[in-house]
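Chain letters run A, B, ... following the sequence lines, proteins first, then strands; residues in each count from 1.
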Amino acid sequence: MSESSQVKYTRKDFTSDQAVRWCPGCGDYSILTQTQKVFPDLGRKKEEFVFISGIGCSSRFPYYMHTYGFHSIHGRAPAIASGVKISRPDLSVWLVTGDGDGLSIGGNHTIHLLRRNIDLNVMLFNNRIYGLTKGQYSPTSEVGKVTKSTPMGSLDEPFNPLTLALGAGATFIARTIDKESKHMQEMITESYHHKGTSFLEIYQNCNIFNDGAFSNFTDRDTKSDTVLWLKDGEPMVFGAESDKGIRLDGNIPTVVELGDKWSKDDLLVHNKKDYMIASMLSNMTSKPDTPEPIGVLYAIDAPTYEDNIASQISSAIENKPKSSIQDIINSGDTWVVK
Amino acid sequence: MSESSQVKYTRKDFTSDQAVRWCPGCGDYSILTQTQKVFPDLGRKKEEFVFISGIGCSSRFPYYMHTYGFHSIHGRAPAIASGVKISRPDLSVWLVTGDGDGLSIGGNHTIHLLRRNIDLNVMLFNNRIYGLTKGQYSPTSEVGKVTKSTPMGSLDEPFNPLTLALGAGATFIARTIDKESKHMQEMITESYHHKGTSFLEIYQNCNIFNDGAFSNFTDRDTKSDTVLWLKDGEPMVFGAESDKGIRLDGNIPTVVELGDKWSKDDLLVHNKKDYMIASMLSNMTSKPDTPEPIGVLYAIDAPTYEDNIASQISSAIENKPKSSIQDIINSGDTWVVK
Amino acid sequence: MSISKKQVDEVVIRFAGDSGDGMQLTGGRFTETTAVVGNDLSTLPDFPAEIRAPAGSLAGVSAFQIKFSSKDIHTPGDVPDVLVAMNPAALKVHQSDVPPGGTIICNSAAFNPRNLKLAGYDSNPLEDKTLDDYFTLYSIDMSRMVSEACKDLDLSPKLVDRSKNFYALGLLFWMYDRPLKSTEDWLAKKFAKKPEIIESNVRALNAGYNYGETTEIFTTRYTVDKANLPPGKYRNVVGNYALSMGLAAAAEKSKLELFLGSYPITPASDILHTLSAWKHLGIKTFQAEDEIAGITSALGAAFSGSLAITTTSGPGIALKGEAMGLAVITELPLVIINVQRGGPSTGLPTKTEQSDLMQAMYGRNGEAPIPILASSTPGDCFYVAYEACRIAVKYMTPVMLLTDGYLANGSEPWIVPDIKKLPPIDVKFADKSNIVDGQFMPYLRKKDTLARPWAKPGTENLEHRIGGIEKEDVTGNVNYDPENHHFMVKTRALKVQNIANELPPTDVYGDKSGDLLILSWGGTQGACRSATEALVNDGKKVSHIHLRWINPLPNDLGELLIKFKHVLVPEINLGQLIKIIRAEYLIDAIGLNKVKGKPISSAEIQENVKKILEK
Amino acid sequence: MSISKKQVDEVVIRFAGDSGDGMQLTGGRFTETTAVVGNDLSTLPDFPAEIRAPAGSLAGVSAFQIKFSSKDIHTPGDVPDVLVAMNPAALKVHQSDVPPGGTIICNSAAFNPRNLKLAGYDSNPLEDKTLDDYFTLYSIDMSRMVSEACKDLDLSPKLVDRSKNFYALGLLFWMYDRPLKSTEDWLAKKFAKKPEIIESNVRALNAGYNYGETTEIFTTRYTVDKANLPPGKYRNVVGNYALSMGLAAAAEKSKLELFLGSYPITPASDILHTLSAWKHLGIKTFQAEDEIAGITSALGAAFSGSLAITTTSGPGIALKGEAMGLAVITELPLVIINVQRGGPSTGLPTKTEQSDLMQAMYGRNGEAPIPILASSTPGDCFYVAYEACRIAVKYMTPVMLLTDGYLANGSEPWIVPDIKKLPPIDVKFADKSNIVDGQFMPYLRKKDTLARPWAKPGTENLEHRIGGIEKEDVTGNVNYDPENHHFMVKTRALKVQNIANELPPTDVYGDKSGDLLILSWGGTQGACRSATEALVNDGKKVSHIHLRWINPLPNDLGELLIKFKHVLVPEINLGQLIKIIRAEYLIDAIGLNKVKGKPISSAEIQENVKKILEK
Ligand SMILES: Cc1ncc(C[n+]2csc(CCOP(=O)(O)OP(=O)(O)O)c2C)c(N)n1
Ligand SMILES: Cc1ncc(C[n+]2csc(CCOP(=O)(O)OP(=O)(O)O)c2C)c(N)n1
Ligand code: SF4
Ligand code: SF4
Ligand SMILES: [Mg+2]
Ligand SMILES: [Mg+2]
């Protein structure tokens with residue numbers, strides 16, 4: 001990794017010359033903007049960024065970033081990005097995917113990426129619908145959803161992406177929302193700084209096929225009661241007047257009103273290194289009785305696959321320095337015919 | 001489902017005429033035996049059982065069961081079995097897979113099966129190695145494992161199959177061991193009776209390529225200290241003299257000695273309906289400081305996909321009884337040419 | 001002022017506008033009315049790949065072409081007589097297709113500086129006279145007219161403006177003398193809960209119609225007589241819909257439960273959507289996690305006794321190859337449908353192409369032959385789908401059905417079939433009579449078809465195991481014997497080849513010998529037939545054979561081909577059927593290959609034939 | 001008693017026994033010694049599909065055949081002169097291949113009632129005289145001899161009995177006059193930590209040798225002179241290993257980092273194993289979660305500037321089709337290796353076949369041409385691997401390399417190459433000089449090769465985006481224009497076709513015209529060459545052309561083919577190359593197709609040729 005201490009970039013440096021082709025009003029725009037705003041400040045040379053995506057509306061993203069980019073095939077971005085990062089640990093590799101791309105057809109690559117802990121930054125645009133193919137239900141669509149392919153409502157329980165990621169062995173899971181510019185910028189920055197796979201779920205509104213999927217968490221009048229902003233080391237407070245909080249009742253997270261009965265000291269304190277807290281938080285997702293956890297749920301240090309492989313290789317080279325394939329070709333029982 | 005109250009089967013009725021072709025000493029033999037022993041007692045007509053498998057040593061299983069069977073292609077058994085069960089809810093469908101088949105190439109189908117909660121019985125033979133292809137590491141092999149494809153040791157964190165299953169939304173997760181005949185029979189029976197996907201991980205010794213992978217949990221002298229036999233509603237006690245137990249220290253499961261300081265009443269009581277207990281237990285897998293949880297970790301009731309689809313269909317038929325495609329063909333604007 | 005009425009034989013109209021302008025809907029309504037009026041017709045929608053590219057951009061242009069006629073026609077037409085361009089981008093993209101003398105109708109309101117710039121115009125083409133020399137240009141402020149017509153309605157200006165496509169439709173209805181009634185009825189039904197929307201659209205429709213009637217700028221109206229179609233009850237049908245009906249008809253006739261395992265992909269998704277809505281027919285649809293699960297779930301359903309289908313487009317087929325091999329060796333009935341689109345890779349996902357034929361033939365490991373058939377028109381999709389199902393269960397084999405984006409979204413008038421008259425599909429599941437010496441033999445074949453028995457799980461005493469490892473003849477047990485393998489490889493090939501024995505004699509359009517034969521498959525049928533008709537009218541000795549079955553080829557094809565000096569094979573690929581034909585018959589067939597994401601035109605074919613004949 | 005020494009030109013020995021009997025190892029040691037002795041040789045291992053089927057069962061028989069000669073040879077032999085059968089099952093499976101007069105050596109200890117029953121013998125063939133009329137039978141109680149020889153060792157009887165294969169080896173060494181030394185050295189190295197094992201094996205080896213020397217039952221020893229091989233330093237090499245070396249050599253010569261993305265599958269896994277062990281060469285191997293991740297991770301590595309490889313067998317290729325299409329449209333270098341095995345589906349996973357050629361040509365959606373080459377011998381795997389890499393980076397294209405189970409596991413003496421003398425692989429990554437008017441143009445091609453520039457991420461100012469949607473010529477931007485698509489489809493085809501321009505003139509073995517030409521590709525090369533030699537010796541006007549490149553075909557092939565009255569194409573499939581040849585050259589080539597999981601024999605080819613010539 002080389003620091004670009006000299007160069008000072010602006011948002012424009014990360015904007016490609018391609019016309020952006022999402023529907024007017026699509027949540028993808030904001031994600032692009034926040035990314036282009038944050039990247040200049042990461043302190044890294046522009047040419048070291050690579051964006052890999054699959055197929056879907058969201059996967060158009062690389063075309064709009066003036067970095068190296070690869071818009072690939074449906075679901076395979078995690079594997080392609082793994083190849084990029086393993087072969088070139090010096091690059092900063094970003095993966096843009098959708099709830100269909102990353103969790104339906106690409107689910108296996110996603111979970112294997114997470115367990116390997118390759119240092120990639122995953123941005124999963126979750127709009128709970130297939131946008132590009134014009135509105136079928138996705139593995140994150142809520143039960144009963146009426147779509148083109150489920151005219152009587154969908155039947156299967158959706159994945160909870162963060163719970164799934166945690167189950168797969170993720171070392172970093174976080175969530176943000178398309179409309180929350182500043183928070184998203186923070187999350188992108190934290191993803192960047194996490195060494196290992198960072199898995200960032202972004203609630204993204206598809207105003208054409210699934211409008212308002214997250215309006216509960218974005219509408220002025222509801223959001224302070226429906227969103228729990230996570231801050232590491234701080235008690236879990238929420239509400240317009242910061243008058244509510246999360247308390248553990250046995251092992252069940254429960255909403256309490258702060259005041260006579262409960263004070264901040266009774267609340268659960270967020271600890272992003274605590275697996276059980278992360279498990280509990282991720283499990284609160286879109287449940288009727290608890291607010292939606294937004295922020296970094298879990299982040300721990302762990303060795304990365306590409307570092308491990310690099311160090312195996314250097315120790316192998318140290319043991320047999322200056323090897324050439326010629327040595328191997330020459331080895332074994334040989335004889336000479338004259 | 002039809003009860004076979006009349007017929008009384010024996011083990012032989014479930015034994016096919018094909019020669020069993022696993023290596024002598026392979027743990028697969030015991031699993032086959034227990035299955036053949038348990039099935040006569042399930043009280044179901046023999047011809048209603050179907051075994052679906054992928055590819056691997058384990059996936060040879062269907063050939064040896066005198067039931068309907070399908071030995072398919074690598075990793076796809078969950079999808080094939082889903083098709084069988086959705087189209088024929090009257091059958092009892094069993095899925096036999098390996099750690100490579102079900103979690104490497106077939107990982108995506110496995111997690112989607114779990115979230116859909118199709119009423120299938122999954123038996124995952126986990127030998128932490130690729131047997132059939134002669135000994136490469138698998139997604140459940142422990143870090144540092146030296147195999148044909150990892151001569152300097154494997155680098156990536158393995159999946160914990162039960163944690164992954166839980167993260168994917170499983171409604172039933174359990175674990176047993178090839179050598180524990182009676183326990184395995186119980187687990188197979190419980191799988192059968194669970195309505196929804198039952199996910200049973202079986203520790204299976206591959207004596208050719210990964211001998212002794214689970215000897216810690218099967219050796220006479222160690223097993224009582226290393227295995228925690230789970231019983232629903234009972235405190236978590238283990239040890240040769242039942243002198244140890246699991247107590248929650250905050251949210252961390254900790255081993256305590258029963259005696260002066262701690263009594264049974266201080267121990268965590270297993271509750272197979274409690275997600276957080278299941279999460280904690282599955283997370284104890286193969287950790288140095290805690291015993292290995294064996295038994296049913298989690299089991300809850302939830303609607304199954306195939307029931308849901310069947311009921312959508314019956315209500316659609318109720319709304320438009322005796323429909324024929326001819327009605328649809330005839331519909332729309334029509335005109336007559338003479 | 002007098003407006004003359006002119007009678008014409010055929011007309012091609014293209015509606016083009018922004019994705020948000022509702023051009024597909026406009027085209028659809030014009031089509032329905034035209035069908036009911038009794039013309040023969042053929043349509044070609046053309047979608048942008050983006051869901052909704054920026055309003056006014058070139059990438060966002062959506063178009064719909066219809067050709068209608070008093071004669072029997074086969075294609076949606078090469079060049080439009082009338083282009084309706086709702087904005088500058090639409091004009092920019094499509095103007096070059098309009099022949100000199102053609103008519104262009106534009107919504108002048110959309111020709112504002114922003115849109116002009118987005119479309120890359122330096123000056124306004126409606127005003128700078130660049131078009132006037134070549135075309136009859138009508139520049140109409142449709143937006144203003146519509147807002148005038150609706151001014152007393154309680155609707156936002158934005159919503160009112162959305163009706164402008166109905167204004168254009170009304171105008172065209174006037175020009176081609178078509179009734180408004182069926183569109184008004186349709187609107188009333190569609191927006192039953194939003195009466196203001198009905199009202200605004202109806203007003204726009206009438207405003208457009210009346211504009212033609214009352215203003216003086218239009219001097220001619222056209223009439224197109226009823227086509228002399230074969231007698232019968234007709235409806236208009238879109239390819240994917242016809243295909244879905246064909247599958248459901250096969251299920252009903254065979255008394256099998258229909259199971260569809262699929263994963264959405266353009267341009268195949270509509271089959272999934274359509275079948276999902278027919279739950280009252282007992283159809284089960286399963287939107288799988290990917291294409292592999294789509295086909296393998298279907299294979300599971302086939303194993304358990306359903307009529308199993310999987311639908312996709314080219315990239316999805318690439319993923320299904322391994323599972324197709326499993327279907328071949330387990331000899332289970334399964335219909336695999338590929339609605340082809342532009343490749344390679346993601347390619348041109350909303351455009352048409354015929355480039356997956358070789359993939360259909362060979363896209364799996366080992367010797368894994370699969371019967372292949374292709375539909376020729378939107379309406380034919382019904383019959384090939386039915387036929388694919390019939391063959392699959394009769395021969396116990398996977399069958400590949402090829403259609404394409406053009407057939408899938410295109411439409412034509414279609415005689416409503418009576419399913420009682422379709423060939424029967426008799427399925428007899430294995431039962432006790434299949435038990436030989438106390439044992440069920442899953443690979444004991446029927447003598448004629450070589451089909452193995454289909455034993456439903458749940459049937460007493462037929463317990464058996466199948467799988468992907470080579471099977472022993474008769475018993476179906478795993479078998480590694482060299483001679484058995486050779487035998488089974490050849491038997492599987494023979495089983496597919498045997499289908500040729502039941503194919504009807506090949507239909508030759510035109511003389512049975514001559515200077516040139518046009519040989520086609522799939523969606524190029526119409527263009528080839530039109531071209532042949534024109535060439536024959538022109539005195540050329542040209543005939544046409546269209547293949548429904550590509551694997552196996554008809555038994556009589558070889559004899560027919562050698563009766564012609566030249567054989568021309570037009571394909572929307574670099575030459576795929578032609579390779580099969582050359583290898584099979586050692587005939588120096590000539591390819592006509594255009595890979596442009598759209599149907600080959602009849603004109604191109606004619607030109608090409610003439611060049612060959614001149615040599 | 002005198003033992004005569006007889007000089008022979010060539011010998012075929014087949015070792016057969018239970019999977020647990022160590023036949024592959026025995027064969028391997030015999031091969032190494034034979035190589036060092038200076039004979040030409042060729043080997044063919046034959047594994048069971050089961051890891052370890054029940055001891056003594058027919059399914060568990062494992063065999064290894066070696067042919068060695070004082071002449072230049074091309075195949076591991078059709079029929080064994082000597083069959084070593086370590087148990088009844090091995091005898092049962094292989095006896096029918098031994099010609100009358102052949103020698104059979106059995107371990108009589110294994111012919112116990114249990115084993116006889118497992119093999120399906122009603123009576124003991126060593127005793128019931130059924131074999132004596134046809135063969136020279138040696139029934140030896142090897143187990144007892146070995147236990148005698150080792151009785152003072154501190155080893156369990158079970159472990160001692162495991163040495164019996166070395167007894168058989170020692171006996172064969174005596175019969176064919178080969179030294180024991182190199183095997184003794186090898187044992188010493190291999191079991192350095194287990195001296196008793198060394199000792200028991202060495203004693204067994206010598207016991208076998210001495211048995212030949214001292215007993216009177218053997219009357220003849222054979223000598224096979226050194227082969228008259230071209231001068232040079234030789235080693236014995238197995239196909240998969242040679243292939244791995246070829247890849248590593250290409251990496252070293254091109255100064256690229258080698259990246260292998262793969263998923264284990266028989267018979268390709270050994271390439272993954274071999275490269276995984278060469279970390280000291282800086283090679284990165286990635287065992288992916290499946291084949292799709294194998295190829296796509298490699299494609300990612302190719303994008304970032306590595307020499308990217310993916311290895312698999314047929315079913316894995318079926319899964320990689322979609323990603324291959326992506327490699328084609330993004331024009332990235334990638335070597336895809338298919339070690340073919342018996343299909344369809346899982347088929348015969350441990351047997352050889354050539355049935356994936358058409359899949360290689362066409363197994364993906366759209367027009368997605370990929371260069372294809374195939375290796376002809378185990379040693380040739382080195383050179384084709386190197387060539388595949390060279391072409392991939394020179395033309396910026398995926399390349400498919402076909403080998404097969406027979407080549408992968410077979411071995412031959414091989415002149416140790418000097419990598420300095422291999423053709424150079426010069427890779428020049430894009431740099432500032434590729435910037436045109438301030439912009440990097442990722443699809444601005446080289447004039448001669450049509451290769452696009454390869455720009456490594458991390459390079460300043462070359463930021464660019466690629467992907468699977470159709471690309472605009474030069475800029476590489478997404479483009480839906482019909483004309484551009486047609487142009488790009490044709491350009492990608494032309495780029496592959498251009499490779500033919502640098503192929504050397506096709507080598508014709510024999511006269512350049514005549515009655516019959518044998519045309520082969522892949523692993524049938526040896527059998528075809530042997531057959532041609534025999535037929536020419538027999539006075540027939542037969543020649544042989546072997547193709548290394550199948551796509552594109554050599555430019556001069558057409559002219560060469562038409563000089564022969566007949567063209568015969570032997571293939572281990574139902575006729576795949578022949579379809580390409582017939583379509584391309586309209587020649588009535590004849591197929592010889594045996595799909596039996598094993599190489600076609602030279603004898604079968606000769607017989608076939610004679611039949612054709614007689615007609
Ligand atoms: C192999 C393959 N299968 C299917 C498709 C069709 N397809 C394209 S994108 C998509 C799903 C898009 O949903 P999502 O990933 O959620 O992205 P979004 O468009 O919602 O951003 C599908 C099914 C394809 N392009 N390739
Ligand atoms: C598509 C495909 N890829 C790879 C293989 C090779 N293969 C067969 S089984 C297997 C893994 C077996 O491991 P596991 O599932 O753990 O089963 P086990 O043999 O250990 O019981 C592999 C890689 C295959 N048959 N098909
Ligand atoms: S369809 Fe939805 S997700 Fe796609 S661009 Fe439009 S608004 Fe965005
Ligand atoms: S290789 Fe291992 S898992 Fe496979 S049969 Fe042998 S012992 Fe069992
Ligand atoms: Mg989405
Ligand atoms: Mg395993």
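- Chain B forms more heavy-atom pairs under 4.5 Å with one residue of C:A242, C:P417, C:S306 than with any other, namely C:P417.
- Of the atoms belonging to C:A248, heavy atoms from both backbone and side chain fall under 4.5 Å from chain B.
- When C:P457, C:A301, C:G458, C:A302 are compared by the number of non-hydrogen pairs under 4.5 Å with chain B, C:P457 comes out ahead.
- Minimum interatomic distance between B:N121 and B:S191 (heavy atoms only, all atoms of both residues): OD1-O, 2.8 Å.
- The cationic atom of C:K284 (NZ for Lys, CZ for Arg) does not lie both less than 6.0 Å from the six-membered ring centre of C:F259 and within 45° of the ring axis.
- Within the 4.5 angstrom heavy-atom criterion, no atom of B:D327 approaches chain C.
- Classified by interplanar angle (parallel below 30°, tilted 30° to 60°, perpendicular above 60°), the ring pair B:F125/B:F61 is perpendicular.
- Note: B:F14 and B:F39 have perpendicular aromatic rings, judged against thresholds of 30 and 60 degrees for the angle between ring planes.
- With a threshold of 4.5 angstrom between heavy atoms, C:I329 does not approach chain B through any atom at all.
- Ion pairing between B:D41 and B:K8 holds under the 4.0 Å rule for side-chain N and carboxylate O.
- In terms of heavy atoms, B:R44 sits closest to B:D90 at NH2-O, 2.7 Å.
- The closest side-chain heavy-atom distance from C:L260 to C:L258 is not below 4.5 Å.
- If you measure heavy-atom distances from C:E32 to chain B, the contacts under 4.5 Å come from the side chain alone.
- Counting heavy-atom pairs closer than 4.5 Å to chain B, the top-ranked of the candidates C:A293, C:P230, C:G468, C:A251 is C:A293.
- Interface remark: C:A323 contributes backbone and side-chain atoms alike to the contact with chain B (heavy atom separation under 4.5 Å).
- The candidate from C:W414, C:Y241, C:F286 with the greatest count of non-hydrogen atom pairs under 4.5 Å with chain B is C:F286.
- At a 4.5 Å heavy-atom cutoff, the contact between C:F303 and chain B is made by side-chain atoms alone.
- For chain C, the nearby part of B:L91 is the side chain; its heavy atoms alone come within less than 4.5 Å.
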- Message: Assess the residue pair B:T197 and B:F172 against the criterion (side-chain contact (heavy atoms from CB on, under 4.5 Å)); give the C-alpha distance rounded to whole Å, side-chain angles, the decisive distance to 0.1 Å, and a yes or no.
- Response: CA-CA 7 Å; B:T197 313; B:F172 178 101; over 6 Å; no
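- Chosen from B:V336, B:V50, B:I328, the residue pairing most often with chain C at heavy-atom distances under 4.5 Å is B:I328.
- Of all the listed residues (C:A35, C:G467, C:A288), the one sharing the greatest number of non-hydrogen pairs under 4.5 Å with chain B is C:A35.
- The closest donor-acceptor contact from the side chain of C:T459 to the backbone of C:A455 lies at 3.5 Å or more, if one exists at all.
- Residue B:H112 touches chain C through its side chain alone, counting heavy-atom pairs closer than 4.5 Å.
- Looking at C:M245 and C:C381, their side chains never come closer than 4.5 Å, going by heavy atoms from C-beta outward.
- Interface residues of residues 93-102 of chain B toward chain C, defined by a heavy-atom distance below 4.5 Å: none.
- Here salt bridge (charged side-chain N to carboxylate O under 4.0 Å, His left out) pairs that include residues 52-63 of chain B, with residues two or more places apart or in two chains, are B:R60-D:E50.
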Inset, instruction - Step by step, work out the side-chain contact (heavy atoms from CB on, under 4.5 Å) result for C:L272 and C:L275. - result: CA-CA 5 Å; C:L272 167 64; C:L275 291 176; over 6 Å; no
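- For a residue to count as touching a neighbouring chain, one of its non-hydrogen atoms must lie under 4.5 Å from one of that chain's; by this rule B:I309 touches chain C with the side chain only.
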Stepwise ring-ring contact (aromatic ring centres under 6.0 Å, His included) test for C:F30 and C:F68: CA-CA 10 Å; C:F30 194 94; C:F68 55 103; 5.5 Å; yes
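- Contact annotation for C:K456: both backbone and side-chain heavy atoms come within less than 4.5 Å of a heavy atom of chain B.
- In plain terms, the two heavy atoms of B:Q204 and B:C26 that are nearest each other are NE2-SG, 3.5 Å.
- For B:R115, no part lies near chain C; criterion is any non-hydrogen pair under 4.5 Å.
- Contact check for B:H194 versus B:T171: side-chain heavy atoms found under the 4.5 Å cut-off.
- Nearest heavy atoms, B:G83 versus C:S304: O-OG, 4.5 Å.
- Per-residue heavy-atom pair counts under 4.5 Å with chain B were compared for C:N236, C:V37, C:L326, and the maximum is reached by C:L326.
- Contact annotation: the side chain of B:M123 approaches that of B:I202 to within less than 4.5 Å [non-hydrogen atoms, C-beta and beyond].
- The interface of residues 314-322 of chain B with chain C, defined by heavy-atom distances below 4.5 Å, comprises B:A316, B:I317, B:K320.
- For a residue to count as touching a neighbouring chain, one of its non-hydrogen atoms must lie under 4.5 Å from one of that chain's; by this rule B:F51 does not touch chain C.
- A donor-acceptor contact shorter than 3.5 Å links the side chain of C:N39 to the backbone of C:D225.
- C:E252 touches chain B through its side chain: at least one heavy atom from C-beta onward sits under 4.5 Å away, while N, CA, C and O do not.
- The shortest side-chain heavy-atom distance between B:I325 and C:W278 falls under the 4.5 Å cut-off.
- Annotation for C:R364 and C:G321: closest pair CB-O, 3.4 Å, computed over non-hydrogen atoms.
- Across C:K279 and C:T285, no two heavy atoms sit closer than the pair NZ-OG1, 4.2 Å.
- Within residues 62-71 of chain B, the residues having any heavy atom under 4.5 Å from a heavy atom of chain C are, by residue number, B:P62, B:Y63, B:M65, B:H66, B:T67, B:Y68, B:G69, B:F70, B:H71.
- Classification of B:R116 and C:E289 as a salt-bridged pair holds, one side-chain N sitting under 4.0 Å from a carboxylate O.
- The number of heavy atoms from other shown groups lying within 6.0 Å of CG (C:N228) does not exceed 12.
- C:D185 and C:K189 are not joined by a salt bridge, as no carboxylate oxygen comes within less than 4.0 angstrom of a charged side-chain nitrogen.
- Interface residue C:T330: only side-chain heavy atoms are found under 4.5 Å from chain B.
- In this structure, chain B has a heavy atom under 4.5 Å from the side chain of C:L332, while its backbone stays farther away.
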